[in-house]
Number of protein chains: 2
Amino acid sequence: MSTEDNLLKLVEVETPDDQDYLLQEQVGFILRKAHQRHVSIFAAHIGDLTPPQFAALAKLRDVGETSQNQLGTLIAMDAATVKGVIDRLKARGLVELSKHEVDKRRLLVNLTAEGRDAIERLIPLAREITQETLAPLSAKEIATFMKLLAKLA
Amino acid sequence: MSTEDNLLKLVEVETPDDQDYLLQEQVGFILRKAHQRHVSIFAAHIGDLTPPQFAALAKLRDVGETSQNQLGTLIAMDAATVKGVIDRLKARGLVELSKHEVDKRRLLVNLTAEGRDAIERLIPLAREITQETLAPLSAKEIATFMKLLAKLA
DNA sequence: TTGATATCATTTGCATACGAATGAATTTTC
DNA sequence: GAAAATTCATTCGTATGCAAATGATATCAA
């Protein structure tokens, strides 16, 4: 290999050609597709609730009554988004709202009896959703993948 | 360990307790967060274009003129979604639309000169976005993660 | 104590994302 | 070649998702 060839190769390594950019190989693009697939699997198992709605119910079950904002933090939703989700759950009678006695800014959210029934009933289906989402991977691959995915989230 | 303990353990393995369900450990939830983080990184590098808009431009650069539907397939967007994306790109003069001469159903989409300039200019930034998204992982971990993620998408 | 800051919630505006319904054009099938 | 099925695109309705602006309340600091 000539000196010029080596120089060319060096340049190539440090400033990749635009031809090299393949959308289908970028993390962001594949991440978006993987998420889409999961949402689709979710909808096939749980038709009458969205993943964010489910997340709100599941988290309320874990922590009990909290403020709307705090719930948003726990399920990674900003204030504007969580409001819409809670509004819809309230309209369906799955959660109830009340005012914080001391701090009048806070809007407390809690499961209703019906909401509690719903989330208990749905958790087994959620397990299936997780399983089906991970079905293309072996048990060992799942462990590896979850560890790395967690680092990126 | 007593026979009863063993029985209990067996039952537990096959029908996990609802207490075991932790939202923060479910693929779907973490996938959503990882995607959110990526979008946030994207926005920090490329403020005037969204990831779907970028995907449309990048794919048009790869394949040249295509129908709107075909483009949607290539970038994993349904017909309704891709229409909105293309409408906005058209309004900004980055793509142009024309009718297919033979098949009158099809709406052809292509980059304008400005659109081509834009995508060429943005690709280096997109490389940085990919790098920053994957920054929490080592080179070896990146290879493993991308392989497994691709299986899920 | 009051003035500055921070927090909680709401609203508006914009951009995906997708199911379902519709209409137009093409292809398949018999 | 006509009927049936398919494909392409649009529209509508609903649901995230987030930035930015606003208002109410709470906390901090001088």
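All heavy atoms count here, side chains included; hydrogens, waters and symmetry mates do not. Chain letters run A, B, ... following the sequence lines, proteins first and then strands; every chain starts at 1. Values in this document were obtained by computation on a predicted structure and should not be read as measured data.
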Can you give each donor-acceptor pair under 3.5 Å made by side-chain atoms of residues 46-54 of chain A, sequence neighbours left out, with the distance rounded to 0.1 Å?
unit_1, atom_1, unit_2, atom_2, d
A/Thr50, OG1, A/Gln53, N, 3.2
A/Gln53, OE1, A/Thr50, N, 3.1

Distance-only check: which donor-acceptor pairs under 3.5 Å involve side-chain atoms of residues 70-80 of chain B, not counting sequence neighbours?
unit_1, atom_1, unit_2, atom_2, d
B/Thr73, OG1, B/Asn69, O, 3.3
B/Asp78, OD1, B/Ala80, N, 3.4
B/Asp78, OD1, B/Thr81, N, 2.9
B/Asp78, OD1, B/Thr81, OG1, 2.8

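Salt bridge absent: A/Arg121 and A/Asp117 never bring a charged side-chain N and a carboxylate O closer than 4.0 Å. The pair A/Arg92-A/Glu114 does not meet the salt-bridge criterion, since no charged nitrogen lies less than 4.0 angstrom from a carboxylate oxygen.
In this structure, B/Lys83 places its NZ atom 21 Å from P of C/dA21, rounding to the nearest Å.
Other residues sharing the hydrophobic cluster of B/Val102, ordered by chain and number and joined by side-chain separations under 4.5 Å: none, the residue standing alone.
Annotation: side chain to side chain contact (heavy atoms under 4.5 Å, CB included) contacts of B/Lys90 (sequence neighbours excluded): B/Val95, B/Leu97. Residues satisfying the ring-ring contact (aromatic ring centres under 6.0 Å, His included) criterion with A/His38, sequence neighbours excluded, are absent altogether.
Residue pairs meeting the salt bridge (Lys or Arg N to Asp or Glu O under 4.0 Å) criterion with at least one member in residues 62-76 of chain B, sequence neighbours excluded, are B/Lys59-B/Asp62. Screening residues 130-142 of chain A for salt bridge (Lys or Arg N to Asp or Glu O under 4.0 Å), with sequence neighbours left out, gives A/Glu141-B/Lys151. Among pairs with a residue in residues 24-47 of chain A, none fulfils salt bridge (Lys or Arg N to Asp or Glu O under 4.0 Å), at least two apart in sequence or across chains.
Using a 4.0 Å heavy-atom criterion, one finds that A/Thr50 contacts the sugar-phosphate atoms exclusively.
Of the inter-residue distances, the one linking B/Leu89 atom CG with B/Leu57 atom CG reads 5.0 Å to the nearest 0.5 angstrom.
Within residues 25-47 of chain A, no residue has any heavy atom closer than 4.0 Å to DNA chain D. Of the residues in residues 66-80 of chain B, B/Ser67, B/Gln68, B/Asn69, B/Ala79, B/Ala80 come within less than 4.0 Å of DNA chain D through at least one heavy atom, sorted by number.
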query = Are B/His100 and B/Asp103 close enough, and set up right, to give a side-chain contact (heavy atoms from CB on, under 4.5 Å), and what steps lead you there?
reply = CA-CA 6 Å; B/His100 187 110; B/Asp103 187 339; 3.8 Å; yes
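Tested against A/Val109, the residues A/Val82, A/Thr66, A/Leu60 include a single side chain to side chain contact (heavy atoms under 4.5 Å, CB included) partner, A/Leu60.
Between chain A and DNA chain D, the heavy-atom contact criterion of under 4.0 Å yields a 5' to 3' nucleotide range of D/dA15 to D/dA26.
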Output one line per pair: protein atom, nucleotide atom from nucleotides 26-29 of chain C, and distance, for all N/O pairs under 3.5 Å.
unit_1, atom_1, unit_2, atom_2, d
C/dT26, OP1, B/Val102, O, 2.9
C/dT26, OP1, B/Lys104, N, 3.1

